[in-house]
Trainee: 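One structure, pasted below without further comment.
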Amino acid sequence: MNKIDNAIKTVHHMDYQANHNGYLNTIHPLVKLLITIIYIILLTSIDKYNLVTTLAMSIYLILVSMIGDLSIKNALKSLKVVLLLLLILGIANPILDRTVITYIGIVPITTGIISMFTLLLKGIFAILASYFLILTTSIEEICYALKMIHMPNILITVVMLIYRYIIVFLKEVQRIWVAYQMRAPKQKGVHYKAWGSLIGGLMLRSIDRAQVVYESMELRGFDPDTFFIKKEKADKKSWIYFCLMLILFIILRFVPIFEIIGGIFI
Amino acid sequence: MIEVKEVSFSYNGSKKQTLSNINFKIEDGESVGIIGANGAGKSTVLKLLVGLELNYQGNIMINNLKVEKQNLQEIRQKIGYVFQDSDSQLFMPTVYEDVAFAPRNYGFSNEEVNERTVGALKSIGIEELQDRQIYRLSGGEKKLVSIATVLSMKPDILIFDEPTIALDPKNRRRFINVLNSLKGTKIVTSHDLDLIYDTCNRTILIADGNIIFDGDTKTILQNKDLLENNGLELPLSLQRR
C-alpha cells in the first residue's frame with residue numbers, strides 16, 4: 001500500500017515540480033528537449049572503454065541539478081529499479097571480456113569491468129538527463145516541443161495519454177488493493193488464486209476510468225490532431241542557455257579535461 | 001436553446017433501448033433537473049447533449065447546431081459538463097493548470113487564458129486554491145474546482161451529473177449556493193431531490209428511457225405517488241412536513 005501511495009505521490013510531485021516557477025522551468029521547452037537529445041546522443045557516442053569521458057559528462061547533470069535546485073540523490077532513489085536493470089544488463093561484460101589492462105593492488109582490472117562501468121554510467125546519466133527534463137518541463141510542454149521537431153501527432157498523443165494514464169492506473173491499483181486487504185487481512189500479498197480476477201478487474205476498471213478522463217479532456221477542447229499548447233518562440237535567455245550548454249557538451253565530450261587537469265599535477 | 005426531438009438510443013451491443021422517443025425543449029436561462037431511478041437514462045441524456053454518444057436516432061439541437069461530429073467543437077465550447085466523479089474530471093497537476101486547460105485548448109492568448117482562469121476561480125470564491133495540487137484538495141474543493149474548469153470556457157449551458165455525491169452537508173450547501181449564483185442554462189441530474197428542489201424550477205422525470213413528467217419542480221416533487229411509482233421518494237425536506 002505504501003509503495004503504491006509513494007508511487008502516486010512521486011508522479012504528483014514530478015507534475016508539480018514541472019509546473020514550478022524555477023529558473024529551468026522558464027527555459028523554452030524546445031531548448032530543453034534539444035539539449036537533452038544532444039546530450040544523450042553525445043553520451044551514447046562515447047567509446048565503451050572511455051570511462052573518463054563518460055565520467056566527465058556528469059558535470060552537465062551536476063550543473064543542471066544546481067541551477068534547477070534538483071536533488072541527484074532523490075532522483076537516483078526514484079530510479080533505483082531502472083538502475084538495477086542497467087546493472088543486470090552490464091553484469092555480463094566482465095565475464096565475457098576478460099582482457100586485463102591494469103591492476104589495482106592485486107585486483108586485475110579488465111576491459112569488461114571498464115565497459116560495464118561505462119555502460120552503467122551512460123545509462124544512469126541518460127536516464128537522469130531525461131528525468132531532469134521531466135522535472136522541469138510539464139508533459140504538455142514536452143509534447144509541444146516534440147510537435148515542434150515534427151514528431152507525428154499520434155506519437156505525441158500517445159506520450160501524453162500514457163503519462164496521464166499512469167496516475168489513473170495507480171489509483172485503481174490502490175483502490176483494488178485496499179478492497180482486497182479489507183477482506184483478506186491475514187493474507188501476505190495477494191493470493192495466487194486471486195491474481196487472475198484482480199488483474200482482469202484492474203484492467204477493465206482502469207480502462208473505464210481512462211475513458212472518462214479522456215472524455216473530460218475532449219469536452220474541454222482536447223483534439224489529438226491539433227493539440228498543442230500555444231507558446232511564444234524561444235526567447236534570448238533560452239537560446240543563450242542552449243549555446244552555453246552546447247559549448248559545455250563539446251568541451252566535455254571532445255576535450256580530455258580530466259587528463260589536462262591531471263597533467264598539471266603530474 | 002436545447003431541443004431534443006424524437007430521440008431514441010441504445011448502447012453498442014445492447015438490444016435494450018436506453019432512451020425511447022424522448023422530446024423536450026430547454027429555453028435559455030432555465031434551470032432544469034433531470035431525475036429518475038438508477039439506470040433510467042439520465043446520464044445518457046447528458047452524454048447525448050454533449051456528443052459523447054453520437055449514434056442516436058432523432059434530432060438534438062444545441063443553439064441551432066445539430067449534435068453531430070462536425071459541430072462538436074463548437075457545441076462543446078458552449079456547454080460545460082461537470083462529471084459525477086471529480087477525480088476523473090481533474091487530471092492536471094495544479095488547480096490553475098486544470099482550469100486553464102480548456103481556454104488553452106481553444107487557442108486563446110496567454111493573457112486571455114489567465115483572465116478566464118482567474119475569473120472562473122473568483123466567480124465561485126476559490127481563487128486561493130489556484131496554486132494547490134489537485135490531489136491535496138478535499139472532495140468539496142474538488143467539486144468546486146471541477147465547476148471552475150468548465151466556467152473558464154464561459155459556456156452558455158452548464159450540465160451537472162450527480163453533483164452532490166460524496167459531499168458533506170456544508171460543502172453541499174456551498175455547492176447549492178454556487179449553483180444558484182451561476183448564470184445561464186443549467187441542467188442537473190441527481191437522486192438528491194432536495195438539491196433539485198433548491199436549484200431547479202423545472203424537472204423532467206425519466207423512467208425506463210421514457211419521459212414520465214416534464215414540468216414545475218414543486219408539482220412533481222410533492223407528488224408522492226408519482227415519485228414512488230418511478231423508484232424515487234419525496235425529498236427529505238418535504239417528508240418532514
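As the structure is a prediction and not an experimental result, all values here were calculated from the model. Letters A, B, ... mirror the listed sequences (proteins, then strands); counts begin at 1.
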Trainee: Are more than 12 heavy atoms, taken from residues, nucleotides or ligands other than A/Lys77, located less than 6.0 Å from that residue's NZ atom?
Mentor: no
Trainee: Heavy atoms, side chains only, cut-off 4.5 Å: are B/Val50 and A/Glu218 in contact?
Mentor: no
Trainee: To the nearest 0.5 angstrom, please state how far the CD atom of B/Gln77 sits from the CG atom of A/Leu219.
Mentor: 12.5 Å
Trainee: Does atom CD of A/Gln181 have more than 12 heavy-atom neighbours, drawn from other residues, nucleotides or ligands, at distances under 6.0 Å?
Mentor: yes
Trainee: Please tell me if the side chains of A/Glu140 and B/Arg104 come closer than 4.5 Å, counting only heavy atoms from C-beta onward.
Mentor: no
Trainee: Supply the atom-to-atom distance A/Lys171 NZ to B/Ser88 OG, rounded to the nearest 0.5 angstrom.
Mentor: 9.0 Å
Trainee: For chain A, which residues from residues 122-152 of chain B lie under 4.5 Å away (heavy-atom distances)?
Mentor: B/Asp131, B/Gln133, B/Tyr135, B/Thr149
Trainee: Between B/Tyr81 and A/Glu215, does a side chain to side chain contact (heavy atoms under 4.5 Å, CB included) hold up when you go through it step by step?
Mentor: CA-CA 10 Å; B/Tyr81 189 116; A/Glu215 281 174 357; over 6 Å; no
Trainee: Would you mind checking which part of A/Met14 comes under 4.5 Å of any heavy atom in chain B, side chain (CB onward), backbone (N, CA, C, O), both or neither?
Mentor: neither
Trainee: Of all heavy-atom pairs between B/Gln89 and A/Arg220, which one has the smallest distance, and what is that distance?
Mentor: O-NH2, 2.7 Å
Trainee: Just wondering, more than 12 heavy atoms not from A/Ile154 lying within 6.0 Å of its CD1?
Mentor: no
Trainee: Other residues, nucleotides and ligands only: do more than 12 of their heavy atoms fall within 6.0 Å of CG on B/Asp85?
Mentor: yes
Trainee: Using a cut-off of 6.0 Å, state whether more than 12 heavy atoms not belonging to B/Lys25 lie near its atom NZ.
Mentor: no
Trainee: In Å, rounded to the nearest 0.5 Å, how long is the span from CG of B/Leu52 to OG of A/Ser216?
Mentor: 10.0 Å
Trainee: Compare every heavy atom of A/Gly221 with every heavy atom of B/Asn105, then report the nearest pair and how far apart it is.
Mentor: CB-O, 3.6 Å
Trainee: Go through the atoms of B/Phe91 and report whether side chain, backbone, both or neither lie under 4.5 Å from a heavy atom of chain A.
Mentor: both
Trainee: Decide if atom CG of A/Asp69 counts as having more than 12 heavy atoms of other residues, nucleotides or ligands within a radius under 6.0 Å.
Mentor: no
Trainee: Go through it in stages, so that I can follow the logic: the residues are B/Glu97 and A/Asp15, the test is side chain to side chain contact (heavy atoms under 4.5 Å, CB included), and I'd like the CA-CA distance, side-chain angles, deciding distance and then a yes or no.
Mentor: CA-CA 11 Å; B/Glu97 287 300 314; A/Asp15 247 354; over 6 Å; no
